[in-house]
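Counting starts at 1 for both ligands and their atoms, following the listed order.
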Amino acid sequence: MVFEQVATGGCQSYLVGCEQSCGAALIDPELSQIDHYLGLAARHGVRIRYLIDTHTHADHFSATRELARQLKVPVVMHRASPAPFVDMRLADGEMLVLGKLRLSVLHTPGHTADSMCLQVEDRLFTGDTLLIGATGRTDLPSGDPEALYDSLFNRVLRLDPALKVCPAHDYKGRSHSTIGDELATNPRLQKRERAEFVEMMRSLNLTMPTHVTEALRTNMSGGKTVARLLAEAGAKVPFMSLAELKARVEAGEDDLIVLDVRERDAYEAGHVPGARLLPRGQLELRVNQDLPDPTRRILSCCELGYISTLAAATLRDMGFLHAVALDGGMKAWREAGYPVKAGKEP
Ligand SMILES: [Fe+2]
C-alpha cells in the first residue's frame, strides 16, 4: 500500500494508494498543501481518484473542492454532509474500491453529524472521532457528546486493538497509535460510563478554533477563502517595491499614475505625493471617467497592500494591461519614513 502522511500545523492528511492499480485516495487534504499532495502522488506514480473529507472541518480549509476541479475526480463525504458540492455520498458499511484496496466506511457521528472513519487494511483513518490521547470536540456545529459516546465505545473501540489509528489531527508531532494504546492510555476514554463521558465532554470549555467562521463557510459552500481570493489576484498582477516607488516619486516620474484606493479620509490624512484618489468601492463605476487611457501604467496602493492587489487585478480584468500593485501599503510606507503629503487631491 502506498501511504503518506502530510502534516499542516496540527492537521493530518493522508495519501493512500494501491501499488498494483496505481489508484489513490487523498484523505482530509488542506488547501495550502495542494502542490505537496500532487508532488507525492507523482513521486509514487499513483493517480488520485478520490478526494475524501472525513467530516465538515471547522479548523482548516479543505482542498477537496479545488483538487476536484483540477483533477476532475469526485469529492467524497458521508451522506450527512451539508456541502452541496459533494459528488459521492457514502453510508455506513459501504466501501470505496481502489484496485486491491478497500476503504470501508464507519459512520461515527459525535464530533460532527457527518463524521466517518475509514478502515484500509491495518489502518483506521479516524478523522476527529478519535485522536491520539484525545477525542474530537463536540461543541462545534452538529457536535453531539451522546453520539460520540456511541461511536467510540460501541463502534471504534470494539475494533481490533492492533488497528493503527491515523487521526485528522495531532498537535504533538505523533504520526499514529493503535486502538489498544488509546483504550489503555487516552485520558478521554477512561470515563466509560455514558453520563460521565458526556458530562466531561460538555465541560471541556475549549477555545474556538481560529478562522472557524471562514472554515465552515468555505468548507460547507465550496466558496473561496479570503487568502485564496488574494492569492488569485496576486497571481495575475506584477508588484512594485516601496523603495522603487519612492525612487520614482523623488525623480518626479510622470509616466506612472499612483492610484490610492483607500477612502477619502485616509487619503487626505497622508498619501504618496502626486497620488490620485479612487476608492476601491467606486473603482468600476468611476474608472471610465477617471482613467480614460488603458495604456497608462497604474500603480494601486492601499493601507496594507491587500485591497490594492484586488484593485490592480480588477484593473487588469478591465483591460488596464499595465496595472501593478504596491508590494506593501501606506502603513509600511510611513514606517519607512518615505515622503507623505496630506490634504485634498491636487
Ligand atoms: Fe474536525
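Salt bridge present: Asp317 and Lys236 bring a charged side-chain N and a carboxylate O closer than 4.0 Å. Between Arg334 and Glu303 a salt bridge is recorded (basic side-chain N to carboxylate O distance below 4.0 Å). Classification of Asp150 and Arg194 as a salt-bridged pair holds, one side-chain N sitting under 4.0 Å from a carboxylate O. Comment: Arg248 engages Glu253 in a salt bridge, judged by a side-chain N to carboxylate O separation of less than 4.0 angstrom. In this structure, Glu214 pairs ionically with Arg217, as a charged nitrogen and a carboxylate oxygen lie closer than 4.0 Å.
Around the Fe ion (ligand 1), the protein contributes the following N, O or S atoms under 2.8 Å, ordered by chain and number: His55 NE2, His111 NE2, Asp128 OD2.
Judged by the 6.0 Å distance and 45° axis criteria, Arg228 is not positioned over the aromatic ring of Phe61.
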